[in-house]
Enquirer: 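First the structure, which I've put down as structure tokens, then a few questions once you've had a look.
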Amino acid sequence: MQPVLITGANGFVGNYLSEYLAATSTVLATGKGDCRFSFSVPALTYAPLDITDREAVATLIDAFKPRCIVHCAALSKPDQCETDRPFADTVNVSGTRNLLEAAARHGAHFVFLSTDFVFDGESGFYREEDAVAPVNYYGETKVRAEALVREYPFSWAIVRTVLVYGAPRLNRDNLLTMVAKALREGKPLHIFNDQVRTPTYVEDLVRGIVKIVETGATGTWHLSGADVRTPYEMAVETARHLGLDERLITPVDEHSFAQPARRPPKTGFDISKAKSELNYTTTSFVDGLRRTFADGTS
Ligand SMILES: NC(=O)C1=CN([C@@H]2O[C@H](COP(=O)(O)OP(=O)(O)OC[C@H]3O[C@@H](n4cnc5c(N)ncnc54)[C@H](OP(=O)(O)O)[C@@H]3O)[C@@H](O)[C@H]2O)C=CC1
Ligand SMILES: Cc1cn([C@H]2C[C@H](O)[C@@H](COP(=O)(O)OP(=O)(O)O[C@H]3O[C@@H](C)C(=O)[C@@H](O)[C@H]3O)O2)c(=O)[nH]c1=O
């Protein structure tokens, strides 16, 4: 059977997705440079692919003729996108265009990973049909990439998610593991308490994406957690769970702790469409936190 091609497979989400999808599909995992997987699965092969190299993208996709492409690769750090806008355009917009052009020659189902940062964060708990209004450049690049996906002449799906967390892979930290590391080293932390999120346990997200790949579901989907937290609340619950000193965590807001890229203050998703149409289910934040540190390695 023709493979499912994953971009950004050396990343946090892409790595989990490669492993999960390979259980039921033939997977061609791709990423910049060498494969950095800590596991091997018979149905999983890896190929280096820089999505900004239009010719390399065409050559690989024309050779493998994937039935589906799940596009996870991105410049995913909003601050880096803010300070290097041309590079953000090249990766997040042109890279997506390169993949869509090649995919169209084979009619592949195109699944695109997007973000809550397409919204302005004024109201929160966004539904798929709500108007986008990004407040940083990362969000702008994702809006432009989504528009390219919507013009794709074959089946497509856009999967937006929020603040993904879980046991780290390939040294890719997330908020919870970053907090655990700092507190274990006795380092003080300044964590935002003015950002409202519905943090997403990585295995829930990946199960939702696998369902979209397997069913060929199309359209825009909001896949996040159901529980509402601020990053500060997440950090304090992490400290308490691990028995670390929460007094090292200071709550801050965007006025007292400036970042290069503004963050939408109140995001979070209404996930009722995914729950009813994809049978999407979520792990509670308490359980996700426990599972993040369950094997004691993070
Ligand atoms: N994590 C989160 O909280 C959220 C993530 N998302 C989106 O989900 C997707 C996955 O996120 P996540 O796994 O956390 O991100 P990561 O940054 O962990 O992974 C992104 C991957 O893309 C790769 N990449 C960057 N540039 C290129 C390129 N030119 N060619 C090929 N690969 C490239 C990176 O390679 P390298 O490892 O070599 O740098 C990296 O492995 C992204 O699109 C992100 O925008 C959306 C909402 C929230
Ligand atoms: C590093 C750090 C993070 N934080 C907060 C900010 C943020 O809400 C949360 C996560 O840290 P980040 O630097 O990943 O924050 P951020 O870059 O805002 O996370 C974003 O990532 C991209 C990929 C997305 O698409 C968004 O959905 C969102 O998850 O922790 C602090 O409060 N203090 C800190 O020192």
Enquirer: For Val91, which fellow cluster members are found when Ile, Leu, Val, Met, Phe, Trp and Tyr are connected by side-chain heavy-atom distances below 4.5 angstrom, either directly or through intermediates?
Expert: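 Leu5, Leu28, Leu49, Ile51, Val57, Leu60, Ile61, Phe64, Ile69, Leu75, Phe87, Val93, Leu99, Leu100, Phe110, Phe112, Leu148, Val149, Tyr152, Phe154, Trp156, Ile158, which link up through side-chain heavy atoms under 4.5 Å apart, make up the rest of the cluster.
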Enquirer: Check whether Leu163 and Trp221 end up in the same hydrophobic cluster, where Ile, Leu, Val, Met, Phe, Trp and Tyr are linked by side-chain heavy atoms less than 4.5 Å apart.
Expert: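 Both belong to a single hydrophobic cluster.
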Enquirer: How many angstroms lie between OG in Ser284 and CZ in Arg290, if you round to the nearest 0.5 Å?
Expert: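 It comes to 7.5 Å.
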Enquirer: Are Tyr137 and Asp89 linked by a side-chain donor-acceptor pair shorter than 3.5 Å?
Expert: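 Judged by distance alone, the side chains do pair up.
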Enquirer: Should Val252 and Val236 be counted in the same cluster of Ile, Leu, Val, Met, Phe, Trp and Tyr side chains packed under 4.5 Å apart?
Expert: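 No: no chain of side-chain contacts under 4.5 Å links Val252 to Val236.
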Enquirer: So which heavy atom on Ala29 is nearest to which on Leu44, and how close?
Expert: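 Smallest interatomic distance, heavy atoms only, reads CB-CD1, 3.8 Å.
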Enquirer: Sequence neighbours excluded, which residues qualify as ring-ring contact (aromatic ring centres under 6.0 Å, His included) partners of His190?
Expert: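 His190: ring-ring contact (aromatic ring centres under 6.0 Å, His included) contacts with Phe257.
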Enquirer: Hydrogens and angles aside, do Arg144 and Thr96 bring a side-chain donor and acceptor to less than 3.5 Å of each other?
Expert: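 On atom types as modelled, these side chains do not qualify, holding no pair under 3.5 Å.
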Enquirer: Rounded to the nearest 0.5 Å, what separates atom CD in Glu129 from atom CG in Asp270?
Expert: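 Atom-to-atom, Glu129:CD and Asp270:CG are 8.0 Å apart.
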Enquirer: When hydrophobic residues are tied together by side-chain contacts of less than 4.5 Å, even through go-betweens, does Leu189 share a cluster with Phe192?
Expert: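 Per the 4.5 Å side-chain linkage, Leu189 and Phe192 are not co-clustered.
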Enquirer: Is there a side chain to side chain donor-acceptor pair (under 3.5 Å) between Thr24 and Glu214 once you walk through the steps?
Expert: CA-CA 9 Å; Thr24 53; Glu214 287 176 347; 2.9 Å; yes
Enquirer: Pick from Val132, Asn136, Val135: which one makes a side chain to side chain contact (heavy atoms under 4.5 Å, CB included) with Phe117?
Expert: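 Among Val132, Asn136, Val135, the one that satisfies the side chain to side chain contact (heavy atoms under 4.5 Å, CB included) with Phe117 is Asn136.
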Enquirer: Is Lys142 paired with Glu146 through a side-chain N to carboxylate O contact shorter than 4.0 Å?
Expert: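 A salt bridge is absent here (no side-chain N lies under 4.0 Å from a carboxylate O).
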Enquirer: Using the side chain to side chain donor-acceptor pair (under 3.5 Å) rule, pick out the option among Asp120, Thr198, Thr267 that qualifies with Tyr126.
Expert: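 By the side chain to side chain donor-acceptor pair (under 3.5 Å) criterion, Tyr126 pairs with just one of Asp120, Thr198, Thr267: Asp120.
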Enquirer: Hey, could you give me the CG/OG distance between Asn193 and Ser256, rounded to the nearest 0.5 Å?
Expert: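 One gets 10.0 Å once the value is rounded to the nearest 0.5 Å.
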Enquirer: Are any non-hydrogen side-chain atoms of Arg127 and Lys273 less than 4.5 angstrom apart?
Expert: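 Side chain of Arg127 against side chain of Lys273, heavy atoms only: no contact under 4.5 Å found.
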Enquirer: Nearest 0.5 angstrom please: Leu175 CG to Thr177 OG1, how far?
Expert: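 These two atoms lie 8.0 Å from each other.
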Enquirer: Applying side-chain contact (heavy atoms from CB on, under 4.5 Å) to Glu203 and Thr283, what does each step give before you reach the verdict?
Expert: CA-CA 9 Å; Glu203 294 184 40; Thr283 303; over 6 Å; no
Enquirer: Whether the side chain of Asp50 engages the backbone of Lys32 through a donor-acceptor N/O pair (distance < 3.5 Å, no angle test) should be reported.
Expert: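 No, the answer is negative, given that no donor and acceptor are paired below the 3.5 Å cut-off.
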Enquirer: CD/Glu128 to CG/Leu223 distance, rounded to the nearest 0.5 angstrom?
Expert: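 Result: 8.0 Å between the selected atoms.
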Enquirer: Quick one: do the Asp253 and Tyr232 side chains pair a donor with an acceptor below 3.5 Å?
Expert: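 Side-chain D/A pair, Asp253 to Tyr232: absent.
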Enquirer: Starting from Leu183, can I reach Leu176 by hopping between I/L/V/M/F/W/Y residues whose side chains sit under 4.5 Å apart?
Expert: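 Linked within one cluster.
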Enquirer: Any idea how Tyr16 and Phe12 line up, ring-wise: parallel (<30°), tilted (30 to 60°), or perpendicular (>60°)?
Expert: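 Taking Phe12 first and then Tyr16, their aromatic rings stand perpendicular (interplane angle over 60°).
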Enquirer: Could you tell me the separation between the OG1 atom of Thr292 and the OH atom of Tyr165, rounded to the nearest 0.5 Å?
Expert: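 One finds 6.0 Å between OG1 of Thr292 and OH of Tyr165.
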Enquirer: If you apply the rule side chain to side chain donor-acceptor pair (under 3.5 Å), what do you find for Thr282 with Asp204, and how did you get there?
Expert: CA-CA 6 Å; Thr282 59; Asp204 294 346; 5.2 Å; no
Enquirer: Are Val143 and Phe119 grouped together when hydrophobic residues (ILVMFWY) are joined by side-chain heavy atoms under 4.5 angstrom apart?
Expert: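 Same cluster: Val143 reaches Phe119 through Ile, Leu, Val, Met, Phe, Trp or Tyr contacts under 4.5 Å.
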Enquirer: Side chains of Asp287 and Tyr201 only: does a donor on one sit below 3.5 Å from an acceptor on the other?
Expert: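 Asp287 vs Tyr201: no donor-acceptor pair found between side chains.
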Enquirer: Does the side chain of Arg197 come under 3.5 Å of the side chain of Ser224 through a donor N or O and an acceptor N or O?
Expert: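 No.
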